[in-house]
Amino acid sequence: MEVAALPSLSPLPLRYGNSSGSVSPVSLRFCNYKGTYIGCSLHKQTTWRNSCDSVHKTFLFNQRKHDAVSWSYLKPSMGLSQSFVSSKLHNQSKLTRSVIVRSELAGTGNADAPYHLSEFKLGSKVRGICFYAVTAIAAILLIGAMLAAHPFVLLLDPYRRKIQHHIAKMWALLTVTPFLKIEFEGLDNLPSSDTPAVYVSNHQSFLDIYTLLTLGSSFKFISKTSIFLFPIIGWAMFMMGVIPLKRMDSRSQLECLKRCMDLIRKGASVFFFPEGTRSKDGKLGVFKKGAFSVAAKTGVPVVPMTLIGTGKIMPAGMEGILNLGSVRVVIHKPISGSDPQTLCDEARNRIADALNCQD
């Protein structure tokens, strides 16, 4: 007998009050639940009746069912054919659903949620607005320098484009310095600026690009073609030599890899996010082998890098906020080899170890 699923009505002696004031054990209010009848006290019976009278003109009305439960009222002169459903029960079910929804929302505030409610404070939103205001002003001021230098860059340094990357470094530093601190570990593991390499890193946040630009290294990023359509930012990416890519287009992916190998053979370095997209929960995703195939075919080293903290400051999907915090960049020793799978596994293991040590 599934009594636990019923509303909290305590069984009491079954009585019926007649006109003379005496109590008769004949007329009852029953809860009919899967063939089981449980009686209720006269006090609760009156309470349910008064609540129904405000909505219905009469105490008895046609039977309705809610969750396989029907309510019946019995007098000595009646059988069990007449029944009613309390409007209070219907309202209680609505309240229960509301409480369930609210409890699910409140779940974002516990320790197991990927992002906590504290991250949605007004201060984070204000910092986010200020962050984009600063980056827009800095971009407007520096785009002129890029435009002026671009003809000379195409003539003297068409592949690495060091001057444009130095301007981009200034833009990144002007943007992030007022809001967060970036610490670098293992800078001595970076190859010389004239040595081409394939750089790979985990991807957690929109801030990853700003963080990597502050290094000042002249590696070529890979970006979606739609980003090139943005004014100023798209122009700067074009002048820096960022490689366009159409996602879910196998032909575009093949052309992108060919372009990367061509740039490496001409002395430039390239940068990949092997996960392909930003992590939603901060966990390291599966690495694709494209970057490591490029390294294996061109014979250049792979330089793994671990970005720590960017996902908490500006979580993926919540680019409008900027939480307080600091960023740490771990630069691992270069890896060489001719097998793409081996390079992929080794690079991922080093990045994963650094992330696990942080946890």
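All residue numbers refer to positions in the sequence shown, counting from 1.
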For [X], is the [atom1] atom crowded, meaning more than 12 foreign heavy atoms sit under 6.0 Å from it?
{"X": "Tyr159", "atom1": "OH", "answer": "no"}
{"X": "Tyr132", "atom1": "OH", "answer": "yes"}
{"X": "Lys288", "atom1": "NZ", "answer": "no"}
{"X": "Met261", "atom1": "CE", "answer": "yes"}

For a 4.5 angstrom cut-off between non-hydrogen side-chain atoms, does [X] reach [Y]?
{"X": "Val330", "Y": "His332", "result": "yes"}
{"X": "Leu245", "Y": "Ser223", "result": "no"}
{"X": "Val303", "Y": "Pro191", "result": "yes"}
{"X": "Ile308", "Y": "Val327", "result": "no"}
{"X": "Ile222", "Y": "Val242", "result": "no"}
{"X": "Asp157", "Y": "Ile163", "result": "no"}
{"X": "Asn323", "Y": "Lys121", "result": "no"}
{"X": "Arg160", "Y": "Leu263", "result": "no"}

Any salt bridge between [X] and [Y], counting N to O under 4.0 Å?
{"X": "Asp262", "Y": "Lys266", "answer": "yes"}
{"X": "Arg350", "Y": "Glu346", "answer": "yes"}
{"X": "Lys283", "Y": "Glu275", "answer": "no"}
{"X": "Asp339", "Y": "Lys289", "answer": "no"}
{"X": "Asp208", "Y": "Arg278", "answer": "no"}

Practice problem: Check the angle between the aromatic planes of Phe219 and Tyr199 and answer parallel, tilted or perpendicular using the 30° and 60° thresholds. | Solution: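 Tilted.
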
Practice problem: Please work out which of the three classes, parallel, tilted or perpendicular, describes the rings of Phe292 and Phe287, given edges at 30° and 60°. | Solution: parallel

Quiz item: Considering the options Glu185, Met305, Glu183, which one meets the side chain to side chain contact (heavy atoms under 4.5 Å, CB included) requirement together with Val329?
Solution: Met305

Practice problem: Please determine, by modelled atom types, if Ser279 and His203 share a side-chain donor-acceptor pair under 3.5 angstrom. | Solution: no

Quiz prompt | Under 3.5 Å side-chain donor-acceptor pair for Ser205 and Thr310 | solution = no

Whether the side chain of [X] engages the backbone of [Y] through a donor-acceptor N/O pair (distance < 3.5 Å, no angle test) should be reported.
{"X": "Ser269", "Y": "Ala197", "result": "yes"}
{"X": "Asn202", "Y": "Leu307", "result": "yes"}
{"X": "Gln204", "Y": "Gly311", "result": "yes"}
{"X": "Arg348", "Y": "Gly285", "result": "yes"}
{"X": "Arg127", "Y": "Ile321", "result": "no"}
{"X": "Glu319", "Y": "Gly317", "result": "yes"}

First locate atom [atom1] of [X], then atom [atom2] of [Y], and finally report the distance between them rounded to the nearest 0.5 Å.
{"X": "Ile143", "Y": "Ile233", "atom1": "CD1", "atom2": "CD1", "value": "7.5 Å"}
{"X": "Ile140", "Y": "Thr135", "atom1": "CD1", "atom2": "OG1", "value": "10.0 Å"}
{"X": "Lys162", "Y": "Ser217", "atom1": "NZ", "atom2": "OG", "value": "10.5 Å"}
{"X": "Gln164", "Y": "His150", "atom1": "CD", "atom2": "NE2", "value": "6.5 Å"}

Quiz item: Aromatic ring centroids of Tyr210 and Trp171 under 6.0 Å?
Solution: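 Yes; Trp171 has its ring centre under 6.0 Å from that of Tyr210.
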
